[in-house]
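A short worksheet on the structure shown next.
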Amino acid sequence: MKTVNHWIGGKTVEGTSGHHGPVTDPATGAVTTQVALASLEEVDAAVAAARTAYETWGTSSLSARTAVLFRYRALLDAHRDEIAALITAEHGKVHSDALGEVARGLEIVELACGITIQLKGELSTEVSSRVDVSSIRQPLGVVAGITPFNFPAMVPMWMFPLAIACGNTFVLKPSEKDPSAANLLAELAAEAGLPDGVLNVLHGDKVAVDGLLAHPDVAAVSFVGSTPIARYIHATASAHGKRVQALGGAKNHMLVLPDADLDAAADAAVSAAYGSAGERCMAISAVVAVGSVADELVAKIRERAEKIKIGPGTDPASEMGPLITAAHRDKVASYVTGAAAQGADVVLDGTGHTVEGFEDGHWIGLSLLDHVSTDSDAYRDEIFGPVLCVLRVGTYEDGVALMNASPFGNGTAIFTRDGGAARRFQLEIEAGMVGVNVPIPVPVGYHSFGGWKDSLFGDHHVYGNDGVHFYTRGKVVTTRWPDPADAPAGVDLGFPRNH
């Protein structure tokens, strides 16, 4: 059986822990690969390689760094299909969705190619007689990224291109469920000329994660995943003196006002709820229908959802693939089977769905729940699957109050033709990313991605300006160069004067 090994110091390094994890093709349920799971000694080796590389990479010129990144961008573009095929084989998402993931990751590589602008400092001259003050940003050193299964290429590219462009070196710990894309990303970086040890890929489970969180040579940790783990990452890494950005889970709401274009709203709800089989932290999982629109909106959503073709990601006709594991499929199904007992109307029940010829795959169909209450499990929990809840409220104010009461605050959207209502919504809603007639408001690369409340632990969002600030630290330099004609100033114990 094929084994996915680590990438340390610019080369493939076979695992020595003796522990491996299974990698499954979600469309067939078959174990196709095994991945090496790192020991603490292998964590040390990856960090040591990064620390050694930082000695030269951290002082390299911006032009040298960006030259590598420009070549890297070209190689990623040339290998889009290959990266996407690995994602489909191990995650299960359809090929077109995998290609979209690669494209969004490329946005951050392109941002990193322009890092010279992002790292420009500031200078104030003559703040006092012959005194100048400048502000500069410098890299942190060795930084780590711990990334989830649902975007095995995009989320790593949210992190390491900016980190290395800023002069850091990087240890990536991708999900052990779909590890191969991360190795290919690292191999292409080496082909682009990235020096050995600047980017390392360490596969593993909690042993590797805890090793990175506690390692004295790791200066910062970036994480994307569920809220309980994000909270743990933030608390543990912070306790070890590290800078942390930990992006957690979500329960993203879409508010539909009575004046909305219901066809557009239904299209958006189906796309945002069921795309990538609902396995994304920006999926719309709760539609909040205001007033009299609910019945018609639910009917339109159902009509569209029933037409979605579910099948293997390798089939060009498939619009939605399987879930990542059988255990996750069963957990998602449990929310649907328990919904009626908690007062919901099960409009569509996707449990029990199978695909002919792929009966052992991790399949589940699309589910639509109406009249969902805010105290039900299907509403409270992040399901992370193709289940859409519809909640009904009487007014705009009721809808916003319901949404703001959620402990999550990742993304949200409003559908309306009323510009005044939309403006009010974007100011009143408690979420980090807001869409106006846009169901999944993931920012472009030069704006930052991140939520509020239990969807983010730490002060910085990921990529964009926040990403640059996270991977650098500021330094202020105050300089006085005496004029050769000056007489000695003498000793002055008073407070420094600026006038």
Side-chain angles (χ1 to χ4, degrees), residues 251-278 282-310 319-320 335-336 339-340 342-351 353 364-376 378-380 383 385-406 411-426 428-429 431 434-441:
K251 197 71 180 180
N252 303 312
H253 298 72
M254 179 175 130
L255 185 67
V256 182
L257 299 190
D259 71 326
D261 180 334
L262 292 189
D263 286 316
D267 288 342
V270 171
S271 300
Y274 304 123
S276 198
M282 287 296 284
I284 290 293
S285 51
V287 166
V288 181
V290 178
S292 60
V293 301
D295 288 341
E296 186 179 359
L297 179 61
V298 169
K300 288 178 179 292
I301 292 173
R302 175 176 185 164
E303 176 188 2
R304 289 157 172 78
E306 289 176 329
K307 297 177 182 177
I308 299 298
K309 179 173 172 52
I310 301 171
E319 297 173 278
M320 190 184 95
Y335 287 100
V336 180
Q342 295 185 334
D345 292 339
V346 182
V347 179
L348 286 177
D349 183 347
T351 61
H353 184 91
I364 193 168
L366 284 65
S367 293
L368 176 62
L369 310 178
D370 193 10
H371 294 283
V372 176
S373 67
T374 56
D375 59 356
S376 66
Y379 175 73
R380 288 201 315 265
I383 298 176
V387 180
L388 179 60
C389 299
V390 177
L391 298 92
R392 298 175 180 231
V393 296
T395 66
Y396 164 87
E397 289 80 8
D398 293 338
V400 170
L402 182 154
M403 295 160 74
N404 283 345
S406 171
T412 188
I414 184 172
F415 274 72
T416 179
R417 291 185 174 97
D418 186 334
R423 185 176 186 277
R424 181 179 170 187
F425 179 81
Q426 68 189 43
E428 294 177 346
I429 202 69
V434 180
V436 177
N437 299 317
V438 175
I440 304 180

For [X] and [Y], work out which heavy atoms get closest and say how close.
| X | Y | result |
| --- | --- | --- |
| Ala283 | Gly278 | CB-O, 4.1 Å |
| Lys251 | Ser285 | CD-OG, 3.4 Å |
| Val438 | Ala413 | O-CB, 3.4 Å |
| Ile383 | Ala378 | CD1-O, 3.5 Å |
| Ala339 | Val346 | CB-CG2, 4.3 Å |
| Gly411 | Ala431 | C-CB, 4.5 Å |

Side-chain donor-acceptor distances from residues 418-426 under 3.5 Å, at least two apart:
residue: Asp418; atom: OD1; partner: Gly420; partner atom: N; Å: 2.9
residue: Asp418; atom: OD1; partner: Ala421; partner atom: N; Å: 3.1
residue: Arg424; atom: NE; partner: Glu428; partner atom: OE1; Å: 3.2
residue: Arg424; atom: NE; partner: Glu428; partner atom: OE2; Å: 2.8
residue: Arg424; atom: NH1; partner: Glu397; partner atom: OE2; Å: 3.3
residue: Arg424; atom: NH2; partner: Glu397; partner atom: OE2; Å: 3.2

Give, for atom [atom1] of [X] and atom [atom2] of [Y], the distance between the pair rounded to the nearest 0.5 Å.
| X | Y | atom1 | atom2 | value |
| --- | --- | --- | --- | --- |
| Met403 | His253 | CE | NE2 | 6.0 Å |
| Asp370 | Asp345 | CG | CG | 5.5 Å |
| Tyr379 | Leu391 | OH | CG | 6.0 Å |
| Tyr335 | Leu369 | OH | CG | 12.0 Å |
| Tyr274 | Ser367 | OH | OG | 7.0 Å |
| His353 | Ile364 | NE2 | CD1 | 10.0 Å |

Sequence neighbours left out, what passes salt bridge (charged side-chain N to carboxylate O under 4.0 Å, His left out) with Asp263? Give chain and number order.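 In terms of salt bridge (charged side-chain N to carboxylate O under 4.0 Å, His left out), with neighbours along the sequence ignored, Asp263 is linked to Lys300, Arg304.
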Just jot down the salt bridge (charged side-chain N to carboxylate O under 4.0 Å, His left out) partners of Asp295, sequence neighbours excluded, or say none.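 Salt bridge (charged side-chain N to carboxylate O under 4.0 Å, His left out) check on Asp295 returns Arg392.
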Using distance alone, with no hydrogens and no angle criterion, decide if Thr412 and Asn252 have a side-chain donor and acceptor under 3.5 Å apart.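 There is no such pair between these side chains.
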Using the side chain to side chain contact (heavy atoms under 4.5 Å, CB included) criterion, which residues pair with Ser271? Sequence neighbours excluded.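 Once residues adjacent in sequence are excluded, Ser271 has no partner under the side chain to side chain contact (heavy atoms under 4.5 Å, CB included) criterion.
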For Ala265, which residues count as a side chain to side chain contact (heavy atoms under 4.5 Å, CB included) partner, sequence neighbours excluded?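 Result, side chain to side chain contact (heavy atoms under 4.5 Å, CB included) vs Ala265: Met254, Val256, Leu297, Phe415.
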Taking the side chain as every heavy atom from C-beta outward, state whether Val298 and Ile301 have any atom pair closer than 4.5 Å.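 No, their side chains stay 4.5 Å or more apart.
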Taking only residues two or more places apart in sequence, or in another chain, which ones meet Gln342 in a side-chain hydrogen bond (donor to acceptor under 3.5 Å, both in side chains)?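 For Gln342 the side-chain hydrogen bond (donor to acceptor under 3.5 Å, both in side chains) partners, ignoring immediate neighbours, are Asp377.
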So which of Leu366, Leu368, Leu348, Val270 actually passes side chain to side chain contact (heavy atoms under 4.5 Å, CB included) with Glu306?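 Of all the options given, the one that passes is Leu348.
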